Every structure is written in structure tokens, then in C-alpha cells.
Amino acid sequence: MTNVNLNIVEELKSRGLLAQTAGEDELEDHLLSDSRAVYCGFDPTADSLHIGSLVPLLALKRFQLAGHKPIAVAGGATGLIGDPSFKSQERKLNTAEITQAWTASIKEQLEQFIDFDSGENSALVVNNLHWTENLDLIPFLRDIGKHFSVNAMIQKESVKQRIEREGEGISFTEFTYMILQSYDFAELNRMFECTLQIGGSDQWGNITSGIDLTRRLNQKQVFGLTLPLVTKADGSKFGKTEEGTIWLDSSRTSCYAFYQFWINTADADAYRFLKYFTFMDVAEIDALEEKDKNAQGRPEAQGVLAKEVTRLVHGEEGLVAAERISAALFSGDISKLTESDFEQLKQDGLPASGSTETLFPLVQALVESELAKSNKMAREFIGNGAVTVNGEKVSDNAIELTWDTAFFGKYFLLKRGKKLFHLLYKD
RNA sequence: GGAGGGGUUCCCGAGUGGUCAAAGGGAUCAGACUGUAAAUCUGACGCGUAAGCUUCGGUGGUUCAAAUCCACCCCCCUCCA
């Protein structure tokens with residue numbers, strides 16, 4: 001399905017994945033003339049990456065497919081400092097132990113996206129702590145710091161709001177972040193002949209600053225390229241739902257929830273997201289768009305998107321499980337599910353919990369299953385007609401559940417709103 | 001160290017003694033309409049079935065009554081040194 005376009009710049013451009021480049025035309029020639037090492041950094045701000053990191057992560061893979069060598073940098077050092085770029089507030093520092101643990105798990109995640117066994121352009125995952133932890137302060141300030149102009153640093157758009165905005169400030173710690181990231185680039189250039197750094201468009205300032213440092217330190221010309229920030233047509237923030245962030249780690253966001261996230265993509269975003277988040281051919285995506293436009297009713301795009309991205313992140317197995325749950329819950333009659341279907345749903349990762357009680361109020365069940373945040377909310381949902389038990393709408397909020405009314409004497413499928421399910425089983 | 005400004009419910013932001021669980025906006029959730037879209041309309045949005053209870057950086061105090069007044073403390077910002 002994927003025709004590999006060896007002209008990666010052109011490829012990115014055609015997918016709408018090219019925000020800015022430093023080096024312009026030369027960059028395209030540079031990438032076409034040889035296999036190059038390309039890097040992108042990922043800071044540990046949690047123990048897992050989330051879908052916000054997916055675009056740059058997949059971009060590394062795209063470079064690899066085009067014959068280049070991807071280097072993913074886990075920010076064991078930079079994560080200790082905190083990137084101020086476009087952040088409105090100073091961030092709390094995490095302890096070294098936490099950062100170290102997070103760096104380790106993020107490193108693991110990075111490893112599953114790029115290929116380590118493709119000969120010349122096999123991927124590399126490194127931790128920037130390795131070349132920063134033993135730096136000495138005075139030599140660093142003299143040899144590296146001397147190349148930075150504070151005047152230039154405070155001009156960067158990424159820190160402007162922190163400098164200019166009333167009510168917020170920036171500590172020297174975060175202000176220094178740019179220097180560290182720049183040093184990464186220079187080091188990677190020195191060690192692996194890395195000549196290109198990519199990142200989200202919020203990284204532009206840090207990237208160009210790294211280009212400058214590399215030139216001054218190594219007398220080498222290197223390049224930069226940024227990917228667009230993912231936006232949604234309705235203006236809301238990409239990657240968040242009621243449940244919060246969509247993580248790549250399935251223990252944080254189940255394959256099913258992950259799949260559902262993509263299924264719920266707005267029409268206006270679906271085709272763009274297909275270009276951003278999958279390796280499908282652009283022509284193929286355009287054809288799908290054309291087809292959907294001419295068809296009646298529900299477009300296919302979201303289904304394809306969910307399928308492709310879930311497979312990329314959670315593999316075939318995760319995809320199958322997610323599809324199985326989705327099919328059971330959203331198409332067809334819940335009352336037709338068999339006992340083994342329920343067992344399967346449980347195993348596939350449908351939110352579920354067991355209970356040993358013989359009788360309990362529905363309100364309580366909703367709260368315990370986290371379908372409602374409080375009893376009050378639970379009552380309100382029931383009153384609104386938003387709650388369904390085993391496919392039947394419930395409007396009496398005094399109702400109590402007993403197992404003899406459950407499916408197969410041991411399953412209650414609770415539903416709140418249109419899309420939120422919870423399986424309650426007898427323990 | 002000095003001078004000034006500020007910390008309000010998820011976010012922004014009103015509120016300067018009772019009528020304040022606290023305006024307005026955003027975000028979010030539910031219902032209707034739909035396609036598990038979008039847009040729109042309606043409703044909810046501290047906890048509690050309710051009486052009521054717990055909130056406005058922290059701790060004490062004044063008062064019948066405090067987010068609002070006083071004292072001390074913590075944190076942030078701006079300018080000066």
C-alpha cells in the first residue's frame with residue numbers, strides 16, 4: 001500500500017507535514033544526495049508518550065523509510081530542566097529518580113516505532129544525559145555558553161510570552177533549556193554525523209539555535225525541519241477527551257479507548273489526520289475522501305484512520321481487540337451477545353469491574369464504575385435518560401441491581417451517554 | 001534589601017462585610033437532532049435525596065456575619081538596589 005517516496009521533503013510536503021525548514025532548497029538536495037542521520041528529541045514529562053508525540057515519531061519512521069537513519073533522543077537531561085517553549089507557566093521540577101524512570105519507559109516506547117534492524121540506516125535511541133551529566137560548569141559556560149547571545153535568546157517567540165507577559169516569569173533553569181537542546185544537536189552531529197533535527201513547530205527556536213551552535217562549534221552546516229502542530233477544525237485541543245490525555249501506553253489508554261478516540265474524529269479532520277498519522281499513500285487518501293463525499297451517510301475515513309493508527313501503536317492484536325469491542329457495543333443488538341462474547345469483551349479491555357454484592361443501587365454502580373463522578377451526577381444522568389443497563393434505558397434513580405436480572409446471571413453492561421460503557425460482572 | 005501589584009471554584013476572569021456556592025466567558029458532560037460527525041437548541045457543571053455541609057494561597061484574629069477587614073506567613077510578577 002505504501003509507495004516509498006525517496007524524496008522525503010516532497011513526501012512530507014504532500015502530507016501537509018512540513019511547517020518550516022531551515023536550509024531551504026539545500027535541505028532537499030542534502031537529503032537526496034545521501035543517507036543522513038536525523039534526530040528528534042522526546043522529553044519525559046510522564047511515564048508514557050501521548051499522541052502529541054506521534055507526528056514527530058512517525059516522521060522519524062518516514063525518514064527511515066526514505067533511507068535515512070533516525071535517532072530518537074530520550075531527554076534524560078533536558079527532562080530535568082523543562083522546555084519553556086510556548087508554555088505559559090514555569091513547570092514544577094521532577095526528582096531525578098522520577099525523570100530517570102520516565103526516561104527509561106519512554107525509551108522503550110520509542111524503540112517500538114523505528115526499525116533497529118535495517119542495516120546502514122538502523123535506528124538509534126540515545127539518552128542525552130549521557131553527554132551532559134559529566135559536563136563541568138565552568139568549561140561549559142566558557143566553551144558553549146559563549147556562543148549564545150542572551151539578546152537573541154530573549155527574542156525567541158517561544159519564550160516571549162514568558163518574558164513579556166505580566167504575571168509570569170521564567171527561571172534561569174528553563175531559560176537554559178535552549179542551550180542544552182542546542183548542545184544535543186552539536187553532540188549528535190559530532191558523534192553520528194547527524195545533520196538534521198526535526199520537531200514540532202514549537203521547537204523551531206530550539207532547533208535553529210542548535211543549528212547555530214553546531215556551526216560555531218563544529219564548523220558544520222546542519223539543517224532543521226518542523227512539523228505542524230496538530231489542530232482540530234473546531235478549535236479545541238487535539239488529543240484530549242473527557243478521560244484526559246490519549247496515551248500510547250495501553251495500560252494508560254486501552255487499545256479500545258485509543259481506537260475509539262480516532263473513530264470519533266470529526267469529518268473535517270479525518271483526511272488530514274490520515275495524512276499525518278498513517279503511512280497510507282496520499283493518492284489513496286484523496287480517493288477515499290472523494291468516495292466518502294459522494295456516498296450517503298457515514299464516511300469511511302474514521303474507520304480507516306482508527307484501524308491504521310491503532311495497528312501502528314498497538315499492533316494487530318490490539319487492533320483486533322479494539323474492533324471486537326467496538327463492533328459489539330456500537331453495531332448490533334447488545335442482547336444478542338453470548339456469554340463467551342462477554343468474557344471476550346472483558347479480556348479485550350472493555351472497562352470492567354467485579355462485584356460480590358448481591359444487590360446494590362444503580363446510582364452506586366455508576367459511581368463505582370466511574371461512569372459518574374458523584375451520586376448527584378449519577379442521578380442527573382439517570383434523570384436525563386442517559387443511562388442504559390443491558391440495553392434498556394433506565395429512568396428511575398432508585399433502581400437496584402440484582403444478579404438474577406443480569407445477562408447470564410452475571411453481566412451488567414452499563415452505558416452512560418452515547419459512547420461510554422462499563423461491564424459489571426459477578427465476582 | 002526597598003517600592004508597588006497579585007494569588008477566587010478545571011482554565012480565564014468578576015466580586016472589596018450580609019442579597020455569594022460566588023457574575024461572565026471558555027472547556028467539559030447530558031438530552032434533542034444525527035452518522036459513535038459538525039453545527040444548533042435545551043439543561044447540568046463543589047458535596048449531599050434533603051435539611052444542610054465544605055470552598056475563594058496558609059494560619060490566626062475582629063465581627064451577629066468575611067472571598068471581602070486586621071496580623072503574620074508562603075508563593076508569583078514588575079521596578080529599584
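Naming convention: chains lettered A, B, ... in sequence-line order (proteins, then strands); numbering from 1 in each chain. Computed from a predicted structure; not experimentally measured.
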Asker: Hunt down the Watson-Crick or G-U wobble partner of B/C69, both distances under 3.5 Å, from any strand shown, or write none.
Answerer: B/G61
Asker: So that I know where these two stand, are A/F238 and A/F273 an aromatic pair - ring centroids less than 6.0 Å apart?
Answerer: yes
Asker: Check the distance between B/A27's C1' and A/F238's CZ and give it to me in whole angstrom.
Answerer: 18 Å
Asker: Rounding to an integer number of Å, can you tell me how far A/R379 CZ sits from B/C29 C1'?
Answerer: 18 Å
Asker: Taking atom C1' in both B/G15 and B/C56, what distance in whole Å separates the two?
Answerer: 10 Å
Asker: Which base sits across from B/G43 as a Watson-Crick or G-U pair, both distances under 3.5 Å?
Answerer: B/C29
Asker: Measure the distance from NZ on A/K376 to P on B/G43 and round it to the nearest whole Å.
Answerer: 17 Å
Asker: I need a per-nucleotide contact map over nucleotides 31-41 of chain B, read 5' to 3'. Cutoff is protein heavy atoms under 4.0 Å; write B for the base, S for backbone only, - otherwise.
Answerer: S-BBBBB-S--
Asker: Return the value, rounded to whole Å, for the distance between atom CD1 of A/I170 and atom P of B/U78.
Answerer: 11 Å
Asker: Counting Watson-Crick and G-U wobble pairs only, both distances under 3.5 Å, name the nucleotide matched with B/U78, or none.
Answerer: B/A3
Asker: In whole angstrom, give me the gap between the C1' atoms of B/C74 and B/G25.
Answerer: 31 Å
Asker: Hey, are the side chains of A/L350 and A/L329 touching, using non-hydrogen atoms and a 4.5 Å cut-off?
Answerer: yes
Asker: From A/R215 CZ over to A/L213 CG, what is the distance, rounded to the nearest 0.5 angstrom?
Answerer: 10.0 Å
Asker: In whole Å, what separates the P atom of B/C10 from that of B/A3?
Answerer: 35 Å
Asker: Looking for any heavy atom pair under 4.0 Å, which part of the strands does A/N397 touch: base, sugar-phosphate only, or nothing?
Answerer: nothing
Asker: If the condition is salt bridge (charged side-chain N to carboxylate O under 4.0 Å, His left out), which residues does A/K418 pass it with, not counting sequence neighbours?
Answerer: none
Asker: Searching all strands shown, indicate the nucleotide that pairs with B/G35 (Watson-Crick or G-U wobble; both distances under 3.5 Å).
Answerer: none
Asker: More than 12 non-hydrogen atoms from neighbouring residues, nucleotides or ligands closer than 6.0 Å to CD on A/E392, yes or no?
Answerer: no
Asker: Rounded to whole angstrom, note down the P distance from B/G57 over to B/G7.
Answerer: 8 Å
Asker: Measure the distance from CE on A/M377 to P on B/U28 and round it to the nearest whole Å.
Answerer: 14 Å
Asker: To check you understand the geometry: which heavy-atom pair defines the closest contact between A/K61 and A/F279, and what is its length?
Answerer: CG-CZ, 3.3 Å
Asker: Please lay out, stage by stage, how A/E290 and A/Y271 fare under the test side-chain hydrogen bond (donor to acceptor under 3.5 Å, both in side chains).
Answerer: CA-CA 10 Å; A/E290 195 58 33; A/Y271 308 95; over 6 Å; no
Asker: Mind checking salt bridge (charged side-chain N to carboxylate O under 4.0 Å, His left out) for A/E357 and listing every partner two or more places apart, or none if nothing turns up?
Answerer: none
Asker: Could you tell me how far B/A14 sits from B/G1 if I compare only their C1' atoms? Round to whole Å.
Answerer: 36 Å
Asker: Can you measure A/K415 atom NZ to B/A30 atom P for me and round it to whole angstrom units?
Answerer: 11 Å
Asker: Please measure how far the P atom in B/U16 lies from the corresponding atom in B/C70, and state the result in whole Å.
Answerer: 14 Å
Asker: B/C47 and B/U54: how far apart are their P atoms, nearest whole angstrom?
Answerer: 16 Å
Asker: With both distances under 3.5 angstrom, what nucleotide forms a Watson-Crick or G-U wobble pair with B/A50?
Answerer: none
Asker: To the nearest Å, give me how far apart NZ (A/K373) and C1' (B/A30) are.
Answerer: 12 Å
Asker: Please measure how far the P atom in B/A39 lies from the corresponding atom in B/C29, and state the result in whole Å.
Answerer: 12 Å
